[in-house]
Amino acid sequence: MSTVYADLRSFTEIKEIVNDVYDRFDRLDVLINNAGVYRSERIITQEGLEETFAVNYVTPFLLTNLLLDLLKKGKSARIVNVASRVHSNRFDLDDLQMENGYTGVKAYAKSKTALILFTYLLADKLKNTNISVNCLHPGVINTKLLRSAFGSHGALLIDGAKTLIFAAIAPEIENISGKYFVNNRSQPSKTITYNKDIQKILWKKTEELIKKEFTEL
Ligand SMILES: NC(=O)c1ccc[n+]([C@@H]2O[C@H](COP(=O)([O-])OP(=O)(O)OC[C@H]3O[C@@H](n4cnc5c(N)ncnc54)[C@H](OP(=O)(O)O)[C@@H]3O)[C@@H](O)[C@H]2O)c1
């Protein structure tokens, strides 16, 4: 086993682990973007981003784009984005950082909506490559994040892992990309997440947010 650690709010640390992974491996088969936070108060990271948006969406966007060359070397590589059924059918492209009307739930839902929008556009961009990208809702699972947001309830951790494992390795979805899975089944996400214009504008705005740090993107 080989492990790299990073504070995924930090662009510097993200760069360091990406370099480390490139040094240690010559291909990558699966990337699961699982880390996530719920913040009842609006917190700004050192990079100047609202933390929920940063960890739940910008980090997966960055990590994925920076690791694409390694994923392209895999035989049949998969990207799995852990989203949530707590996503929204509204998406204000002019207030990505939730400067107005912040609540923990709205920020969380916005970050997961962004992650799904990203998943679908990336799937289009990766069509005809060896890489698939899907997203999922893992279920309502009794974890630190759920307890901090909605109180202690939900299923066991082992149940939460099931859809992640399915999306990461199930042979029957090897060639399936651009889907949202719940309980190992493809389901529709909120209508807005399929909006190509919003997907493209979000992508561009995300690149602008991070371009000072990542000129290679
Ligand atoms: N639980 C649910 O019912 C539920 C439902 C839908 C979606 N999800 C999603 O499932 C994913 C996993 O969450 P979970 O429920 O398993 O909660 P969790 O137990 O709190 O796990 C979240 C993980 O993210 C890591 N993390 C947070 N901020 C980080 C940072 N800045 N740098 C590095 N790692 C960081 C945490 O690390 P530390 O432990 O070190 O803080 C923790 O390992 C999240 O994306 C969440 O949104 C969960």
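Because the structure is predicted, anything quoted here is derived from the model rather than measured. Just follow the structure's listing: the first ligand is 1, and inside any ligand the first atom is 1.
- Below 30°, between 30° and 60°, or above 60°: for Phe61 and Trp203 the angle between ring planes is above 60°, a perpendicular geometry.
- Using a non-hydrogen distance threshold of 4.0 Å, Tyr108 registers as a contact of ligand 1.
- Surrounding CD of Gln46 are at most 12 heavy atoms belonging to other residues, nucleotides or ligands under 6.0 Å away.
- Checked against a 3.5 angstrom limit, the closest N/O atoms of Val140 and ligand 1 fall outside it.
- A continuous path of hydrophobic side-chain contacts links Leu71 to Tyr22 [ILVMFWY only; heavy atoms under 4.5 Å].
- Counting only heavy atoms of the protein, atom 11 (C) of ligand 1 lies nearest to Asn34 O, 3.0 Å.
- For Lys204, the NZ atom is loosely surrounded, since the number of other residues' heavy atoms within 6.0 Å does not exceed 12.
- Within a 6.0 Å radius of CZ in Arg85, no more than 12 heavy atoms belonging to other residues, nucleotides or ligands are found.
- For ligand 1, the polar-atom distance check finds an N/O of Asp7 within less than 3.5 Å of one of the ligand's N/O atoms.
- In this structure, atom 43 (O) of ligand 1 has its sub-4.0 angstrom surroundings free of protein heavy atoms.
- Closest approach of Ser152 and Asn142 over heavy atoms only: OG-ND2, 3.4 Å.
- Within a 6.0 Å sphere centred on CD of Glu172, other residues, nucleotides and ligands contribute more than 12 heavy atoms.
- Which of Leu145, Thr163, Val37 comes nearest to atom 13 (O) of ligand 1 through a heavy atom is settled by distance: it is Leu145.
- Put simply, the side chain of Arg24 reaches to within 4.5 Å of the side chain of Val4, judged on heavy atoms.
- Checked by distance only, ligand 1 and Pro138 stay at 3.5 Å or farther apart across all their nitrogen or oxygen atoms.
- Partner Tyr194 forms a ring pair (Phe, Tyr, Trp, His ring centres under 6.0 Å) with one of Tyr180, Phe91, Tyr120 and no other, that one being Tyr120.
- What sits closest to atom 37 (O) of ligand 1 on the protein, heavy atoms only, is Lys144 NZ, 4.5 Å.
- Against a heavy-atom cut-off of under 4.0 Å, Ala6 is close to the following atoms of ligand 1: 32 (N), 33 (C).
- Heavy-atom proximity to Val82, at under 4.0 Å, picks out these atoms of ligand 1: 9 (C), 10 (O), 11 (C), 45 (O).
- Side-chain contact check for Thr59 versus Asn33: every heavy-atom pair is 4.5 Å or farther apart.
- The protein non-hydrogen atom at the shortest distance from atom 32 (N) of ligand 1 is Leu8 N, 2.8 Å.
- Counting the atoms of ligand 1 from 1 in the order shown, those under 4.0 Å from a heavy atom of Arg9 are 31 (N).
- Nearest-heavy-atom check against atom 35 (C) of ligand 1 across Ser148, Gly160, Ser10, Ala35 picks out Ala35.
- Lys112 counts as a contact of ligand 1, since one of its heavy atoms falls under 4.0 Å from the ligand.
- Here the protein heavy atom with the shortest distance to atom 29 (C) of ligand 1 is Val55 CG1, 4.2 Å.
- Considering each of Pro60, Ala161, Gly154, Gly139, the one bringing a non-hydrogen atom nearest atom 4 (C) of ligand 1 is Gly139.
- There is no protein heavy atom less than 4.0 angstrom from atom 21 (O) of ligand 1.
- Nearest-residue assignment for atom 19 (O) of ligand 1 (options Thr143, Asp159, Val86, Leu136; heavy-atom criterion): Thr143.
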Notebook entry, point to check: Are Arg27 and Asp29 close enough, and set up right, to give a salt bridge (charged side-chain N to carboxylate O under 4.0 Å, His left out), and what steps lead you there?
Noted result: CA-CA 7 Å; Arg27 67 163 214 273; Asp29 296 316; 3.0 Å; yes
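- Taking the charged nitrogens against the carboxylate oxygens, Asp159 and Lys162 do have a contact shorter than 4.0 Å, which makes a salt bridge.
- Checking only distances, His137 never comes within under 3.5 Å of ligand 1, N or O to N or O.
- Counting atoms of ligand 1 from 1 in the listed order, those under 4.0 Å from a heavy atom of Leu146 are 1 (N), 3 (O).
- In terms of hydrophobic clustering, with Ile, Leu, Val, Met, Phe, Trp and Tyr side chains grouped at heavy-atom distances under 4.5 Å, Phe181 and Leu31 are assigned to different clusters.
- Counting only heavy atoms of the protein, atom 7 (C) of ligand 1 lies nearest to Ala83 O, 3.1 Å.
- Ligand 1 has an N or O atom lying under 3.5 Å from an N or O atom of Ile141, backbone or side chain.
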